[in-house]
Amino acid sequence: MTFKQLGIIDPILKALDHQGYSTPTPIQQQAIPILLDKKDLLGCAQTGTGKTAAFAIPILQHLYLDRQEDAPRKIQALIVTPTRELAIQIGDSFHNYGKYTGIRNTVVFGGVKQGTQTQALRRGVDILVATPGRLLDLMTQGYISLKDIKYFVLDEADQMLDMGFIHDIKKLLVKLPSKRQSLFFSATMPPPIVELSQKILGDPERITIKPQQTTAEKIDQSVYFVSKQGKPKLLVHLLKNEDMESVLVFSRTKHGADKIVKVLDRAGIKAGAIHGNKSQVARQRVLGHFKEGQTKVLVATDIASRGIDLDELSHVINYDLPHVPETYVHRIGRTGRASASGIAFSFCDVEERPLLRDIQKLIRQDIPVNEEHPFLHEEPVVELAAVNLRPQRPQPYGQRSNSPSSHSNKNRNQRWQGSRKNGAS
Ligand code: AMP
């Protein structure tokens, strides 16, 4: 299957070629024909699946084919997404895929002054990517009108719910023209999200890209049993001993993220943190350093990490296990993006054992235990049995285990490098 076979027009094919996309991902193969047909879509999928291109390409194609040369630009497509990072990434995607179409987009989000955003709006755009708060604000001020919207995308709906944006979304909906194509994406479908989707969509086509199909299976995962106190030492140990190129470390809290950076700093490892307490400018700077390779470790909270586009990530480390099992899949999905495979390490202290059990239930696999580390935390056998894991005995560091569940680090790195050599993004 190629993008050409999906009926994509030449100016977009050329841009996709420049991006190095040779084959549509599963969600693109399923969604593009539906969207080119102007049907509504309910997509149960997460970032890392190629979801952005799945909706951006058909919208660009419609706008390009319907464009009247001398007509002033009006906002015809609106994409609403929960975080600034995600909004910027989606805006970049529209720009990249649409660079030979003449279709213009801009991005509006809060936390920064509005001047540059309102200037771009005044110059005229066809596509607007926005976070909910700033969008409503600029609408109230009269900079944005939604009366010409033909394409509406609500992205990461479950995250909107978590972040308390549902009320804002409902306010928006009443301003949208009723005749439109609507797309609704969510990684999970709890009842309030199903209810919201019914308010937005007509009679939608449905696509589900299951997490285990997209990420969990192709990522080399392992879990490290370690005490809370042992976690900083284990992190430093791994970063110093493993061959890691670019590492995203997940912390459950903002404060925890800053603490991790301090620990790494003391150990002489360059790292930066992104989380909600940092200004947009500070986050972009940290991200820039990471992308340029000046720092090899980025520490992030779940919300801040959403939507940041990190193609070359070799490892994800779950310093803390998430409370919501789906978040684990989101997190490790940062390393196995599109067709590349990746490596994910998870630290698990005794209190986190039930969280591990929930994750394993969701992904329907036992995550192999890595016991080849000096900070192995021995737990009572009964505890291990409760989480359906084989009892592990601590071993002196350096002594190789014959356990089939303990992985050779060398193999892991070879696998990652192999996938990158093969041109995977
Ligand atoms: P998304 O799920 O939209 O966040 O996309 C995940 C990553 O996959 C992004 O870095 C995209 O650049 C990349 N990507 C999207 N579609 C393709 C494709 N067809 N081939 C290769 N990479 C892709």
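- Below 30°, between 30° and 60°, or above 60°: for Tyr224 and Phe347 the angle between ring planes is above 60°, a perpendicular geometry.
- Judged by distance alone, the side chain of Arg353 and the main-chain N or O of Cys348 form no donor-acceptor pair under 3.5 Å.
- Met189 and Gly43 get closest at one heavy-atom pair: CE-O, 4.2 Å.
- Gln61 contributes a side-chain N or O that, together with a main-chain N or O of Ile9, makes up a donor-acceptor pair within less than 3.5 Å.
- A 4.5 Å side-chain heavy-atom check between Phe375 and Ser227 finds every atom pair outside the cut-off.
- Under the 4.5 Å side-chain criterion, counting only non-hydrogen atoms from C-beta, His323 is in contact with Leu355.
- The backbone N or O of Gly272 lies less than 3.5 Å from no partner atom in the side chain of Thr295, so there is not a single donor-acceptor pair.
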Worked check of side-chain contact (heavy atoms from CB on, under 4.5 Å) between Ile59 and Phe94: CA-CA 9 Å; Ile59 289 176; Phe94 272 109; 4.2 Å; yes
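- Panel note: side chain Asp137, backbone Gly133; no donor-acceptor pair is recorded below 3.5 Å.
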Pair Tyr319-Ile260, side-chain contact (heavy atoms from CB on, under 4.5 Å): steps then yes or no: CA-CA 9 Å; Tyr319 188 89; Ile260 294 169; 3.5 Å; yes
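- Put simply, the side chain of Leu172 does not reach to within 4.5 Å of the side chain of Asp168, judged on heavy atoms.
- Here the CD atom belonging to Gln221 is positioned 13.0 Å from the CG atom belonging to Asn370, to the nearest 0.5 angstrom.
- In this structure, Gln30 and Glu205 have side chains that are not in contact, with every pair of non-hydrogen atoms separated by 4.5 Å or more.
- Rounded to the nearest 0.5 Å, atoms CG (Asp17) and CZ (Phe3) are 10.5 Å apart.
- For the residue pair Asp258 / His275, a side-chain donor-acceptor distance below 3.5 Å is found, with atom types taken as modelled.
- Proximity of Gln117 to Val112: side-chain heavy atoms (C-beta onward) are separated by under 4.5 Å at one or more points.
- The minimum heavy-atom distance linking Lys171 with Lys175 is given by the pair O-CG, 3.7 Å.
- Residues Ala187 and Cys44 share a closest heavy-atom pair of O-SG, 3.6 Å.
- In this structure, Leu154 and Leu196 have side chains that are in contact, with non-hydrogen atoms separated by less than 4.5 Å.
- Between the side chain of Glu245 and the backbone N or O of Ser314, no donor-acceptor pair lies under 3.5 Å.
- Leu146 contributes atom CG, which lies 8.0 Å from atom CG of Leu128 (distance to the nearest 0.5 angstrom).
- In this structure, the separation between CD1 on Ile12 and CG on Asn96 is 12.5 Å, given to the nearest 0.5 Å.
- Using a 4.5 Å cut-off on side-chain heavy atoms (C-beta onward), Leu63 and Leu60 make no contact.
- Taking 4.5 Å as the limit, every side-chain heavy atom of Lys259 sits out of range of all side-chain heavy atoms of Thr253.
- Rounding to the nearest 0.5 Å places OG of Ser182 at 14.0 Å from NZ of Lys199.
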Residue pair Gln159, Phe165: steps toward the side-chain contact (heavy atoms from CB on, under 4.5 Å) verdict: CA-CA 9 Å; Gln159 191 72 7; Phe165 284 143; over 6 Å; no
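- Residues Tyr21 and Ala53 approach most closely at CE2-CB, 4.5 Å, considering heavy atoms.
- Taking every heavy atom of both residues into account, Met244 and Leu239 meet most closely at SD-CD2, 3.7 Å.
- The main-chain N or O of Phe345 is never found under 3.5 Å from a side-chain atom of Ser222 such that the two would form a donor-acceptor pair.
- Of the possible polar contacts, none joining the Gln360 side chain to the Arg357 backbone as a donor-acceptor pair under 3.5 Å is found.
- Atom CG of Asp162 sits about 7.5 Å away from atom OG1 of Thr188, to the nearest 0.5 Å.
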Worked verdict on Tyr97 versus Ile8 for side-chain contact (heavy atoms from CB on, under 4.5 Å): CA-CA 11 Å; Tyr97 310 146; Ile8 306 303; over 6 Å; no
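- The two residues Ala54 and Ile32 make their nearest non-hydrogen contact at O-CG1, 3.9 Å.
- Of the possible polar contacts, one joining the Gln29 side chain to the Pro24 backbone as a donor-acceptor pair under 3.5 Å is found.
- Of the possible polar contacts, none joining the Thr301 side chain to the Lys254 backbone as a donor-acceptor pair under 3.5 Å is found.
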Result block: side-chain N/O donor-acceptor pairs under 3.5 angstrom for residues 100-109, not counting sequence neighbours:
unit_1 : atom_1 : unit_2 : atom_2 : d
Tyr100 : OH     : His18  : ND1    : 2.9
Thr101 : OG1    : Gly98  : O      : 2.6
Thr101 : OG1    : Ile103 : N      : 3.2
Arg104 : NH1    : Arg123 : O      : 3.3
Arg104 : NH1    : Gly124 : O      : 3.0
Asn105 : ND2    : Gly91  : O      : 3.3

